[in-house]
Amino acid sequence: MNSPEQPLPTFDEVLLCTPHTSAEQVGLFLRRCLIPCRGEEKIYTMLYADELSYDVSCRAEELFQHLQRYSSSYRLIILCNCERENSYIPSAFSHYKVHMIPQRSRAEIQQYLQHHFRVAQPSNSAASVFKEHMCVGIVSSKRAGVGK
């Protein structure tokens, strides 16, 4: 985010974990991250890794330990819910833990995201619904189940 021209992460750089994420999905992700490829400087991110099942978490840690021998220059970020820091993945990787403080203001982050999510030429698309022709938006309600 040092420059507005830096791209957002691609689909292969992010794994959004749920309790239903399989060991195979995590394994493929870790292989992409930890097996070096020439010229790639990607930053890989596992989101909500604390949501993984115990079995998948154990296998992920074993694979990480095995693959880590092949590369020492990987870039992996594991984000977890701080309220679930006692689950398997946060505990297993706790010695790598780094407390982060955002280096940019909320306004700068929003401006960066707006730069990347704005539709260049507004057309008959969903972007015309969202504020300032954004191709993504959040629809929320204080009342559950009202047909969002």
Side-chain angles (χ1 to χ4, degrees), residues 1-53 56-57 60-61 63-65 67-68 71-148:
M1 208 183 101
N2 293 329
S3 161
E5 302 311 314
Q6 285 182 312
L8 292 169
T10 58
F11 71 94
D12 64 328
E13 293 176 87
V14 179
L15 178 64
L16 180 60
C17 301
T18 70
H20 306 293
T21 302
S22 70
E24 181 182 5
Q25 289 171 307
V26 175
L28 290 170
F29 179 79
L30 288 175
R31 282 180 178 83
R32 279 195 302 266
C33 172
L34 296 169
I35 296 176
C37 292
R38 293 180 179 233
E40 286 193 358
E41 300 244 342
K42 295 182 175 185
I43 300 172
Y44 294 89
T45 307
M46 288 178 68
L47 297 171
Y48 303 115
D50 54 291
E51 297 266 335
L52 295 173
S53 70
V56 172
S57 296
E61 182 195 13
L63 183 61
F64 176 83
Q65 298 299 337
L67 293 175
Q68 190 181 23
S71 176
S72 60
S73 62
Y74 60 89
R75 295 175 174 187
L76 175 62
I77 299 169
I78 301 174
L79 295 174
C80 300
N81 183 340
C82 64
E83 294 174 4
R84 293 180 44 105
E85 67 184 347
N86 294 325
S87 61
Y88 191 90
I89 291 289
S91 297
F93 290 89
S94 64
H95 54 284
Y96 296 103
K97 189 176 192 176
V98 176
H99 291 281
M100 295 295 299
I101 298 171
Q103 300 297 311
R104 302 278 192 235
S105 70
R106 182 177 182 172
E108 287 177 304
I109 293 169
Q110 287 175 334
Q111 186 177 16
Y112 173 80
L113 292 173
Q114 285 176 349
H115 173 76
H116 287 284
F117 288 128
R118 183 171 285 120
V119 175
Q121 292 288 44
S123 62
N124 293 333
S125 72
S128 62
V129 174
F130 294 113
K131 182 180 176 183
E132 298 176 14
H133 302 291
M134 295 292 136
C135 63
V136 296
I138 297 173
V139 178
S140 64
S141 172
K142 294 186 188 304
R143 293 177 42 211
V146 290
K148 291 180 284 299

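Keep in mind it's a predicted model, so treat the numbers as computed, not measured.
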J.: Taking all heavy atoms of Leu63 and all of Gly27, pick out the closest pair and write down the distance.
T.: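 Looks like CD2-CA, 3.4 Å.
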
J.: Could you work out, with side chain to side chain donor-acceptor pair (under 3.5 Å) as the rule, every residue matching Gln110, not counting sequence neighbours?
T.: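 Gln110: no side chain to side chain donor-acceptor pair (under 3.5 Å) contacts found.
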
J.: Go through the steps to decide whether Tyr88 and Glu61 satisfy the test side-chain contact (heavy atoms from CB on, under 4.5 Å), and finish with yes or no.
T.: CA-CA 9 Å; Tyr88 191 90; Glu61 182 195 13; 2.4 Å; yes

J.: What residues form a side chain to side chain donor-acceptor pair (under 3.5 Å) with Tyr48, not counting sequence neighbours?
T.: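 For Tyr48 there are no side chain to side chain donor-acceptor pair (under 3.5 Å) partners, ignoring immediate neighbours.
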
J.: Between Glu51 and Cys17 (side chain of the first, backbone of the second, donor and acceptor by atom type, cut-off under 3.5 Å), is there such a pair?
T.: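 Flag not set: sc Glu51 to bb Cys17 has no pair under 3.5 Å.
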
J.: side-chain contact (heavy atoms from CB on, under 4.5 Å) with Met46: which of Leu52, Val14, Leu16?
T.: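 Only one option passes, and that is Leu52.
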
J.: Quick one: closest heavy-atom pair of Tyr44 and Arg32, and the distance?
T.: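 Tyr44 and Arg32 have their closest heavy atoms at OH-O, 3.4 Å.
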
J.: When you look at Leu15 and Leu28, which way does the side-chain contact (heavy atoms from CB on, under 4.5 Å) test go after all the steps?
T.: CA-CA 10 Å; Leu15 178 64; Leu28 290 170; over 6 Å; no

J.: For residues 73-86, which residue pairs qualify under salt bridge (Lys or Arg N to Asp or Glu O under 4.0 Å), counting only residues two or more places apart or in two chains?
T.: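 Listed once each, the pairs are Glu41-Arg75, Asp50-Arg84, Glu85-Lys97.
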
J.: Which residues pass the salt bridge (Lys or Arg N to Asp or Glu O under 4.0 Å) test with Arg31, sequence neighbours left out?
T.: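 Expected list: none.
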
J.: Would you indicate whether Glu24, at its atom CD, is surrounded by more than 12 heavy atoms from other residues, nucleotides or ligands within a distance under 6.0 Å?
T.: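 No, CD of Glu24 has 12 or fewer neighbouring heavy atoms, counting only those of other groups under 6.0 Å.
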
J.: Listed by chain and number, what are the side chain to side chain donor-acceptor pair (under 3.5 Å) partners of Ser22, not counting sequence neighbours?
T.: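 Ser22 satisfies side chain to side chain donor-acceptor pair (under 3.5 Å) with Gln25 only.
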
J.: With a 4.5 Å limit on heavy-atom distance, are the side chains of Ile89 and Phe64 in contact?
T.: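 No, their side chains stay 4.5 Å or more apart.
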
J.: For Asp12, give me all partners under side chain to side chain donor-acceptor pair (under 3.5 Å), at least two apart in sequence or on another chain.
T.: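 Result, side chain to side chain donor-acceptor pair (under 3.5 Å) vs Asp12: Thr10, Lys42.
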
